[in-house]
Every structure is written in structure tokens, then in C-alpha cells.
Number of protein chains: 2
Amino acid sequence: MKKGRVTIKDIARELNIAPSTVSRALNDHPAIKKETKDAVKALAEALDYQPNLLALNLLQKKSNTIGVIVPEITGHFFSAIITGIQDVIVDSEYNIMICLSNESYEEELTIVKRLSKIQIDGVLVSPSSETKNFDHFRRLQKSGIPVVVFDRDCPGLEADKVLVDDYFGAFQAVEYLIGTGCKNIAHLGGPLNLSTTDHRLQGYLDALEKNNIEVNKEYIVHVPGFNHKDGIKPSKKILELKKRPDAIFAYNDNIAISAMHVAKKFGLKIPEDISIIGFDDEPHSNFITPSLSTVWQPVYSMGMLSARILLSHLNDKNTALKFRREVFKPELVIRASSR
Amino acid sequence: MKKGRVTIKDIARELNIAPSTVSRALNDHPAIKKETKDAVKALAEALDYQPNLLALNLLQKKSNTIGVIVPEITGHFFSAIITGIQDVIVDSEYNIMICLSNESYEEELTIVKRLSKIQIDGVLVSPSSETKNFDHFRRLQKSGIPVVVFDRDCPGLEADKVLVDDYFGAFQAVEYLIGTGCKNIAHLGGPLNLSTTDHRLQGYLDALEKNNIEVNKEYIVHVPGFNHKDGIKPSKKILELKKRPDAIFAYNDNIAISAMHVAKKFGLKIPEDISIIGFDDEPHSNFITPSLSTVWQPVYSMGMLSARILLSHLNDKNTALKFRREVFKPELVIRASSR
DNA sequence: AAAGGGTGGGCAAATATTTGCCCACCCTTT
DNA sequence: AAAGGGTGGGCAAATATTTGCCCACCCTTT
């Protein structure tokens, strides 16, 4: 009793019954009479018996763990999604293992190998910005592991997907800018090779076209990454243009904030001289000066829904056959950084 | 071969040897001759044999997983620490399981129970702000699981600790404010019952005392949480004081940013009318206007060191006897929000 | 008295791997 | 010829649990 944990055999020996009977008693198997069950349960309680999940895992060939693969967590976006995922999963019998790909295809590959080695039961993934080939996810699916893709799409991969209508968000933001009289609207686009980058760019382009504004190629500059520092040079590039834009629609809030930073350094007034709109609605965006207009996304809900979809597959293997595609609508939030 | 994964027995059958021999061959046991080893390894390769870690876990009574318990991850602080932890652990044979206590003692308790049920091998923890009793961590230690505490101390708990010298950081910040001529320095303190809150407050108090400035109780207001919104009311309370302070030292950057926000609403100029200094040096703090003076902490390194200490215990059970206590020095970063 | 059926629970296999112990075989030595 | 020792590898237990199959026992029925 002192050494090692209490097992089903200890209880069996004590009660002079077979381990199998203890197992059945604890699981309320009908073939066991009430007195035996009661005795077993009482002793299990008394000895503080804890079933050994490691043995169960081996028997059931599953680890009761689901993997979550995200590019990073230092920003607010993925952290909030993970919080949503966690809050759903915590009520299930599953544990979650969070893995960071650091926006690297290589690392993502390693993670997937690792997860499949520990016999993960399901995977939630937002691919790295380098990932163009999705065969590693297909391999998971082939070995029976459901995969749910969130936020960043994997074009061509058949899987459950929980996405945001980035196109719509971008279109709205740019139409709003046009509506307030901006004529020369620049776009600080996201890193290339990302569905979100493409869709936001397309929303920008279509909003211009719909309003008969000609696209100026110089007004579109893509940033190399997602952080503040990644927005500085591109912002300068745009603001140094001979025909300086009177508005910037940025890929995300971080980039929008660097654009504001640079614009101020250039002596521009926001929003009088230039309107700036971001994307994501990070918590601090409301508290900077001027407060940032941006496109809000239901991040937490996306996390929750992704997790729920995965759980539904895990609980009912049959549903794994048809994939769901859920697209959340983002919402434009106008604050002080735009006219 | 098609159904289910390849096991050691499949290889044994194919080669007409015993499974034990296959196991020894794969593990380069000296009792196996080279030819046998080569044959086994070749076939294992050919069949894409993957050892079943679930079986190994059961045998070794360990899950090869370490748990990381943090209060939240939506802020930059814990996300960056986790990134540091992850970057160290990823090179080991361990997996990490991140658990969010949501600043709740109850949830923390549930997490610990869960982790001990899945027979976690080690734990890295920053306790919730509600946690006053550390018996759940002691129980882990008693069952042989090393516990490393980071950032937020658990007073009275004997364990490895990786902390920041909050006292020193606060002292420096306040002395700097005094040095630039501020006479009435307020402190927006952190949530109560937190080692970091206590130490930063003490640094504030001692810096005042050392410079013969009397403490004004009205100048000390504690915030209820860590986010921007939690700083609004306390900031108003302080700025509405008859004798308005000429400087604020805030518990963290979020709170400092709300203070800036409120100060601007009050028509105050920063730093002319009031200096503001935060704590944490979050990435956006450099990009707001005016850029925020703050106290930088080596977050990423703290994560790495915590993970390294835990790994050292896991690799050598003997070192578990003496606990390490590492205290990082923070650094004051002066920007534009202070005179 | 034999057959039938229900109740309660035990045996042993199964999950995949490692490892202590043993043994066969062969060569060498006395 | 017997003893001794080294090499190579097999047997079976061990890890903790579940579960298919079986069986003993008892009562009832014909």
C-alpha cells in the first residue's frame, strides 16, 4: 500500500475475488451483484484507488490526448483560440497538447511525426505560413486521426474547417474607408502564402473595383511577419511614396500600430491626414491613441467550435466521413484611427 | 501489415526469432550478434516499424510528458515563457502539456489531479492569483514528481524556483522617477495575494523611504486583474485625487497603458504633466504614443531555464534533493512616457 | 433423476515492450 | 572425458486493465 500505487489486484487480493471482478464492479457491469460492487467500491475508495490510465491507453490503443498545432502563441490571436479550445476540452476526458511550429514547415512536420508516435487521438491545426504541402495531415487522416483546420485554410485538404470570412472583413473595412472619402487607400498585406493574406487582399481589391477606384500597385506592400517590427519598413515604403495614401488597411493590428507609429514620425495626423484600420481587434488596440479601428474576429468562439467539432468526431467515428466547413463573420469596429 | 501497426512480434515472426531478440537488437544490446541486429534493423526499416510508446509508458510507469500550469496565455508574458519552455523541451524526449488555471485555485486543483492521473513526469507551474495553499504541489512532490515554480513564488513551498527580482525592478523604476524630479508618485499595484504584487509594492515603498518621501496611502491602489480594463477605474481614482500625482508606477504594461489612456482623457500631457512607467515590456509598448517606459524581464530565458532545471531533475533523480533558486534581474527601459 | 437456465464470478488472453533468468551449443582446458 | 566458460538468444514474467469464454452452483421443471 505504501510502495507504488494501488492496483486492481490489490483490491482483488484483499477481497478474495478476481481482478476481473474488481474491474467489472468498478465499471458497474451487470454480471456483478450489488454486495460485491459495494464492497469493491468501498475498498477502492478507502485505498484511494486510481485507475492506471497508462494501461488503459495501451489496451485501447489511444492516448486520450489531442494535439493542437499553432504557428506561435505570443500574439493574442492564437492564445485566445487556444483558450477557447481548452475551455471546451477540459470538460471532456481528453487532454490537450499544444505544439508550436514557429511558422516553420520543418518543425510542423516534426510535430506531426511526434504526435502520431504518441498515438494522439485527434488534431487541431492552423498551418505554418511556410506550409504548402499538406500530406502530413493526410497521413494523420489515413491512420484514422481526425484533423480540424482553423483560421488558416489548407487549400485542397479535405478536412473540417473553421474559418473567418477574411474577404468580407477586408471588403467592409475598405468600403468604409472609401465611404469616408478616402481616395488613395494602401494595403499592408500579410506574409505571402497564407489563405488569410490572400482573402484580405482580395477583399481590398474588390472593394476598390466595386467603387471604381483604380488599383495602384505601389500601394500594396506585403510584410514579412506578424509583429510590430515587421511593419516598420513596409509602412515607411508606403508613406514615402510621392503620392502619399490617405488611408491604410493593414493585415493585422500589430502592423496597423507600426503604421501609426511611422505615420506619427512623419508628422502625419491620424485620422485627419491618414486613416488606419487594422484586423484582429487585439485588447490593447482600444487603448492606444488614437484608438485603432479594426476588424474584430470571434476568436474565442472559433476555438470552442473547432474543439467541439473534433470532439464530435472522436465520440462518433461515423461522422468523420463528412467534413464541416464553418465560416465566422468578422465585424468592423470603428474607433478613432479612421475618419 | 496492412491492418494495425507493425509490432516487434511481426518482425520476430518474419525473422524466426523471439520478440525479445528483436527488442534487444533494436536497442543495440551486446548479447546480440551483428548479423542478427542488421537483419532486424533492416526489416524494421522496411516495415516502417514504430515503437509503441503507449506500451513503453506502461512498462516504465511514466508518460514522458511534463505539465505546464499557467494562469492564462492571452497576455504576452506567459506566452513568451511557454515559448521558451517549449524550445527547450522540444529537443528532449518529453512532450509538454499546457494547462490554464484561469487564475482559479479550483481549476488549478483539478489540473493537478488530472496531471497526476496521467502520471506526468514533472511539472512547471506559476500559481493562480487565488492560490494560497500549496499542498497540491506538495502531493506531487511526494509522489516523486519534480516541481519547478516560475515567476510567481509559492512562499513556504520547497521547490526549484525561477523568479524575477521584482523588488529591484520596482525600486529602480521609482528611483528613476524621483531622480527626474517627480515628487508625488502613485502606484497602481497588482492583484493582492501575489508575490510579484508584494515585491513590486515593497520596491516602490523602499525607494520612497530611501529618498525621504512620505508615503501617501491614497497613492496606492490595487487593480483587480491584469488587463487593460482592470486599470481604468483605479487610474481614475488616482487621477481624480485633489493632490494629483505627477508620476505613476504601474504593476504592468497593460495597467500603465490604461493609466495613459485615462490621463489623456483628463487632458494631461505625458510625460510633461505626468510620468508613467509600466512593467513587463510587452512588444507593443514600444509602439504606442508616447512609447512606454517600463521594466523589461527576460521572459524567454526564464522559460528556458525553468525547463532546463526540470529536465536536469528528470535525467538525474538524485539532484532532486537540493532545490535551486534562480533570480533574474529585470532592467529599466526608459522611453517617452517618463520625463 | 436429468435437463435446462439463470446468476455470479474466475481464467486467461490481449494490448506492446523490456528484462531476468535460463539454456543450448560449442570450444577449450585439465 | 568431464568441467568450465563464453556466445547468442529464447521463455516467461512484468507493467494494469478489460473482456470473451467458460464453469460452478443452484433452482426449477418435466
Side-chain angles (χ1 to χ4, degrees), chain A residues 1 3-41 43-44 47-65 93 116-121 143-144, chain B residues 1 3-41 43-44 47-65 93 116-121 143-144:
Chain A
M1 217 187 111
K3 43 172 6 200
R5 23 198 313 156
V6 180
T7 75
I8 226 168
K9 287 184 191 169
D10 298 324
I11 297 179
R13 200 178 315 118
E14 193 90 2
L15 257 37
N16 264 321
I17 54 178
S20 54
T21 306
V22 176
S23 167
R24 281 189 259 248
L26 290 173
N27 292 310
D28 265 330
H29 192 283
I32 309 295
K33 68 179 167 199
K34 188 160 183 316
E35 299 138 60
T36 312
K37 280 186 191 172
D38 289 347
V40 168
K41 287 180 184 170
L43 187 58
L47 296 181
D48 187 30
Y49 166 73
Q50 302 277 13
N52 188 325
L53 299 183
L54 263 30
L56 251 187
N57 288 347
L58 174 59
L59 204 60
Q60 298 174 174
K61 294 164 178 278
K62 54 182 282 196
S63 60
N64 278 301
T65 302
E93 76 266 34
S116 102
K117 238 185 178 170
I118 64 169
Q119 283 166 70
I120 215 83
D121 297 323
S143 54
Chain B
M1 217 187 112
K3 44 173 3 202
R5 25 199 309 156
V6 180
T7 74
I8 225 168
K9 287 185 190 166
D10 298 324
I11 298 178
R13 200 177 316 117
E14 192 90 3
L15 257 36
N16 265 320
I17 54 178
S20 52
T21 305
V22 175
S23 167
R24 282 189 257 250
L26 290 173
N27 292 309
D28 264 331
H29 192 284
I32 310 296
K33 68 179 168 200
K34 188 159 183 320
E35 298 137 62
T36 312
K37 281 186 190 172
D38 289 347
V40 169
K41 286 180 186 171
L43 187 58
L47 296 181
D48 189 30
Y49 166 73
Q50 302 277 15
N52 188 325
L53 299 185
L54 263 29
L56 250 188
N57 288 347
L58 174 60
L59 204 60
Q60 298 173 173
K61 294 165 179 279
K62 55 181 282 196
S63 59
N64 279 302
T65 302
E93 76 266 35
S116 103
K117 236 183 179 173
I118 64 168
Q119 286 167 69
I120 214 84
D121 297 323
S143 55

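Every chain is numbered from 1, with letters handed out A, B, ... down the list of sequences. Note that the structure is predicted; figures quoted are calculated from it, not measured.
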Q: Please classify the nucleic acid contact of B:I17 as base, sugar-phosphate, or nothing, using heavy-atom distances under 4.0 Å.
A: sugar-phosphate
Q: Near DNA chain C, which residues from residues 21-34 of chain A have a heavy atom under 4.0 Å away?
A: A:T21, A:R24, A:A31, A:I32, A:K33
Q: Identify every side-chain donor-acceptor pair in residues 20-33 of chain A under 3.5 Å, counting partners at least two apart or on other chains, and give the distances.
A:
unit_1 : atom_1 : unit_2 : atom_2 : d
A:N27  : ND2    : A:S23  : O      : 2.9
A:D28  : OD1    : A:K41  : NZ     : 3.0
A:D28  : OD2    : A:K41  : NZ     : 3.4
A:H29  : ND1    : A:A31  : N      : 3.1

Q: Checking A:D48 now: which residues fulfil salt bridge (charged side-chain N to carboxylate O under 4.0 Å, His left out) with it, not counting sequence neighbours?
A: none
Q: Where does the chain A footprint on DNA chain D start and end, counting 5' to 3' with a 4.0 Å heavy-atom cut-off?
A: D:dA16 to D:dG20
Q: Counting the atoms with a prime plus P, OP1 and OP2 as sugar-phosphate, which does A:S20 contact under 4.0 Å by heavy atoms, base, sugar-phosphate, or nothing?
A: base
Q: Please name all residues satisfying salt bridge (charged side-chain N to carboxylate O under 4.0 Å, His left out) with B:D10, sequence neighbours left out, ordered by chain then number.
A: B:R13
Q: Return the set of residues passing side chain to side chain contact (heavy atoms under 4.5 Å, CB included) with A:P19 (not counting sequence neighbours), or none when no residue passes.
A: A:I8, A:K9, A:A12
Q: Taking all heavy atoms of A:N57 and all of B:L54, pick out the closest pair and write down the distance.
A: O-CD2, 3.6 Å
Q: Can you name the nearest heavy-atom pair linking A:V6 to A:Y49, along with the distance?
A: O-CD1, 3.3 Å
Q: I want to confirm an ordering. Mapping B:L59 and B:A18 to their closest nucleotides on DNA chain D, which one lands closer to the 5' end?
A: B:A18
Q: Mind checking side chain to side chain contact (heavy atoms under 4.5 Å, CB included) for B:I118 and listing every partner two or more places apart, or none if nothing turns up?
A: A:L53, A:N95, B:M97, B:L115, B:I120
Q: In chain order, what residues pass the side chain to side chain donor-acceptor pair (under 3.5 Å) check against A:K62, with sequence neighbours excluded?
A: A:Y94
Q: Taking only residues two or more places apart in sequence or in another chain, which ones pass side chain to side chain donor-acceptor pair (under 3.5 Å) with B:N52?
A: A:Q119
Q: State, to the nearest 10°, the angle formed by the axis through the first five base pairs of the helix from C:dA1-D:dT30 to C:dT30-D:dA1 and the axis through its last five.
A: 90°
Q: Quick one: list whatever passes side chain to side chain contact (heavy atoms under 4.5 Å, CB included) with B:L59, sequence neighbours left out.
A: none
